[in-house]
2 protein chains.
Amino acid sequence: MPFSLILNNIAKHIHLTNDEQDIFTAYLQSKTIKRKQFMLTDGDICKYSIFVTSGCLRGYTVDKSGIEHVLSFAPPGWWIADMYSLISQKPGILNIETLEDTEVLLLSKVNQEKLYLQIPKFEHFFRVLVENSLVASQQRLIDSLSLTAEERYNNFCKRYPTLIDHLPQKQIASYIGVTPEFFSRMRSVMVRKR
Amino acid sequence: MPFSLILNNIAKHIHLTNDEQDIFTAYLQSKTIKRKQFMLTDGDICKYSIFVTSGCLRGYTVDKSGIEHVLSFAPPGWWIADMYSLISQKPGILNIETLEDTEVLLLSKVNQEKLYLQIPKFEHFFRVLVENSLVASQQRLIDSLSLTAEERYNNFCKRYPTLIDHLPQKQIASYIGVTPEFFSRMRSVMVRKR
DNA sequence: TTCTTTTCTTAATCTACATCAAGTACCCTC
DNA sequence: GAGGGTACTTGATGTAGATTAAGAAAAGAA
């Protein structure tokens with residue numbers, strides 16, 4: 001069943017009865033997307049929380065000089081959305097794109113709110129989820145203020161071990177906040193150091 | 001009454017009966033702190049969410065070169081805590097210090113959890129609060145990746161209009177992520193531009 | 001008040017990283 | 001297996017902001 005990953009994920013934080021599991025999964029919409037497709041683009045209103053069951057996505061913004069900044073990668077078992085737009089239902093600034101062929105489960109904002117009313121435990125689940133995102137986001141902000149590019153790269157390797165050999169270098173460069181040229185040079189220096 | 005600010009704050013998101021208000025305020029602990037006192041230091045386990053009723057606090061980390069990085073200011077009406085430590089109950093990395101004589105209300109983690117059980121609406125309230133923090137934190141990360149120091153300063157002025165003339169420049173410099181020297185120079189250039 | 005400490009300014013020099021440019025190694029697709 | 005993107009490398013030069021240093025101004029403490 002395609003739901004085992006998401007249900008195990010939830011079971012880490014709240015216990016659902018079989019009936020509740022059925023209610024929940026009925027609210028989900030399953031989707032398969034080819035690589036390099038957009039699930040959301042700059043200016044869209046974000047209507048869904050996306051849960052990844054296979055493949056990988058990235059969320060990024062484009063600044064006024066046209067440079068892309070990757071905010072997050074979403075390998076299997078992770079959620080991704082434009083939180084600003086999802087909450088406010090105003091046009092967002094995030095682009096969400098598949099990096100390879102990908103399967104996702106969509107939970108619409110409308111269904112998410114029904115879920116809060118029907119099964120209040122989900123308020124708890126999503127609160128915990130958002131708390132963890134907040135901690136990660138704050139830590140990344142601290143890192144970007146206080147670490148060198150090389151240290152940020154080492155942190156990235158720890159945080160996303162499955163992604164390193166699996167992702168174009170320019171995407172990693174964008175995530176840690178340097179140009180692909182500098183990233184390439186930095187890596188060759190790191191290899192020489194050993 | 002010292003509770004009107006916090007109750008109005010909550011009323012923006014959930015409705016509480018008079019009884020519920022009483023339960024809630026009974027969980028709060030009121031405190032007055034002189035300026036330059038620490039409410040939390042690096043390595044402490046964070047036991048409280050802090051709500052500011054008057055004065056001002058700042059939360060900052062110190063990196064390995066000894067440089068301080070301000071993560072947030074907390075003027076009246078704002079919450080502040082070391083979220084990582086509060087959630088995990090492990091030693092945190094944040095220092096929380098009063099910038100002037102300050103009055104706060106403390107909600108202990110223990111009481112917060114009792115509140116979730118007794119008045120489940122508070123799950124909703126704190127979920128929304130954390131969601132908003134997450135959006136702000138992500139926006140600040142995007143800003144730090146894509147804007148110049150001058151643009152970040154302009155954003156700061158919009159976000160914290162009450163604080164600008166009221167806060168030592170070095171604190172603002174630390175928040176936007178530059179040295180006090182560079183900040184001073186930048187401001188004099190900005191004045192000349194007009 | 002005077003003394004001490006902290007904050008702010010200005011200037012010279014330095015560095016991590018960006019930009020521009022050109023070449024090389026890949027895949028994909030037909 | 002030839003052509004055309006896209007990804008990666010390497011080098012020369014440019015720049016935002018850091019560092020160091022020293023003096024001026026402001027704010028607390030006594």
Side-chain angles (χ1 to χ4, degrees), chain A residues 34-38 56 58 60 62-70 73 97-101 141 143-156 163-193, chain B residues 33-38 55-56 58 60 62-70 73 97-102 143-156 163-193:
Chain A
K34 289 243 163 288
R35 75 191 288 263
K36 300 232 173 185
Q37 300 300 307
F38 285 87
C56 190
R58 68 171 179 136
Y60 67 95
V62 181
D63 70 24
K64 61 178 193 296
S65 337
I67 297 170
E68 296 181 0
H69 302 277
V70 174
F73 295 109
E97 183 197 24
T98 52
L99 290 167
E100 48 192 276
D101 294 355
L141 182 62
D143 289 358
S144 87
L145 291 170
S146 61
L147 301 183
T148 63
E150 198 170 322
E151 292 167 322
R152 294 199 303 275
Y153 175 55
N154 287 329
N155 280 4
F156 175 85
L163 292 183
I164 304 156
D165 18 58
H166 175 115
L167 220 53
Q169 285 188 22
K170 57 181 289 202
Q171 301 298 347
I172 301 177
S174 170
Y175 183 92
I176 69 170
V178 295
T179 58
E181 293 92 335
F182 184 80
F183 185 71
S184 167
R185 201 173 321 242
M186 191 183 85
R187 285 185 75 240
S188 77
V189 171
M190 289 173 78
V191 169
R192 253 173 272 154
K193 273 189 193 168
Chain B
I33 313 107
K34 288 245 163 286
R35 76 190 288 264
K36 301 233 172 184
Q37 299 301 305
F38 286 87
C56 190
R58 68 172 178 136
Y60 68 94
V62 181
D63 70 24
K64 62 177 192 299
S65 336
I67 296 168
E68 296 181 0
H69 302 277
V70 174
F73 295 109
E97 184 196 22
T98 52
L99 290 167
E100 49 191 276
D101 294 355
T102 295
D143 289 357
S144 87
L145 292 170
S146 60
L147 301 182
T148 63
E150 198 171 322
E151 291 167 324
R152 294 199 302 276
Y153 175 55
N154 287 329
N155 280 5
F156 175 85
L163 292 183
I164 304 155
D165 18 56
H166 177 115
L167 219 55
Q169 285 188 23
K170 57 182 289 204
Q171 302 298 348
I172 301 177
S174 170
Y175 182 93
I176 69 171
V178 295
T179 57
E181 294 89 339
F182 183 79
F183 185 72
S184 168
R185 178 173 324 228
M186 192 183 85
R187 285 187 74 240
S188 77
V189 170
M190 287 173 77
V191 169
R192 251 173 273 152
K193 271 188 194 169

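Just so we're on the same page: letters track the sequence lines, and every chain starts at 1.
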Nearest whole Å is fine: how far is [N] [atom2] from [X] [atom1]?
| X | N | atom1 | atom2 | value |
| --- | --- | --- | --- | --- |
| L145(B) | dC17(C) | CG | P | 13 Å |
| F182(A) | dT15(D) | CZ | C1' | 14 Å |
| R35(A) | dA7(D) | CZ | C1' | 12 Å |
| K170(A) | dT9(D) | NZ | P | 13 Å |
| R185(A) | dC20(C) | CZ | C1' | 11 Å |
| F183(A) | dT19(C) | CZ | C1' | 19 Å |
| R187(B) | dG17(D) | CZ | C1' | 18 Å |
| I67(A) | dC20(C) | CD1 | P | 10 Å |

Heavy-atom pair with the smallest gap, counting every atom of [X] and [Y]:
| X | Y | result |
| --- | --- | --- |
| D143(B) | R152(B) | O-CD, 3.8 Å |
| T102(B) | G55(B) | OG1-CA, 3.6 Å |
| S144(B) | S144(A) | OG-OG, 3.4 Å |

Checklist entry - Hey, is the side chain of Q171(B) poking within less than 4.0 Å of OP1 or OP2 on dT7(C), counting only N and O atoms? => result no
Checklist entry - Taking only side-chain nitrogens and oxygens of S184(A), does any of them come within less than 4.0 Å of OP1 or OP2 of dC8(D)? => result no
Checklist entry - Thinking salt bridges, do E97(B) and R58(B) make one under a 4.0 Å N-O criterion? => result yes
Checklist entry - For S65(B) and L167(A), take the nucleotide of DNA chain D holding the closest heavy atom to each; which residue's nucleotide lies nearer the 5' end? => result L167(A)
Checklist entry - Starting at the 5' end of DNA chain C, which residue's closest nucleotide do you reach first, K36(B) or E181(B)? => result K36(B)
Item to check | Nearest-nucleotide pick for T179(A), side chain only, options being dC8(D), dT7(C), dT19(C) | outcome: dT19(C)
Checklist outcome for this item: Quick note, Q169(B) side chain, CB onward, closest among dC17(C), dT9(D), dT9(C) is dT9(C)
Next on the checklist: Determine whether N154(A) and M190(A) satisfy the following criterion, side-chain contact (heavy atoms from CB on, under 4.5 Å), listing intermediate values before the conclusion.
Outcome noted: CA-CA 11 Å; N154(A) 287 329; M190(A) 289 173 78; 3.6 Å; yes
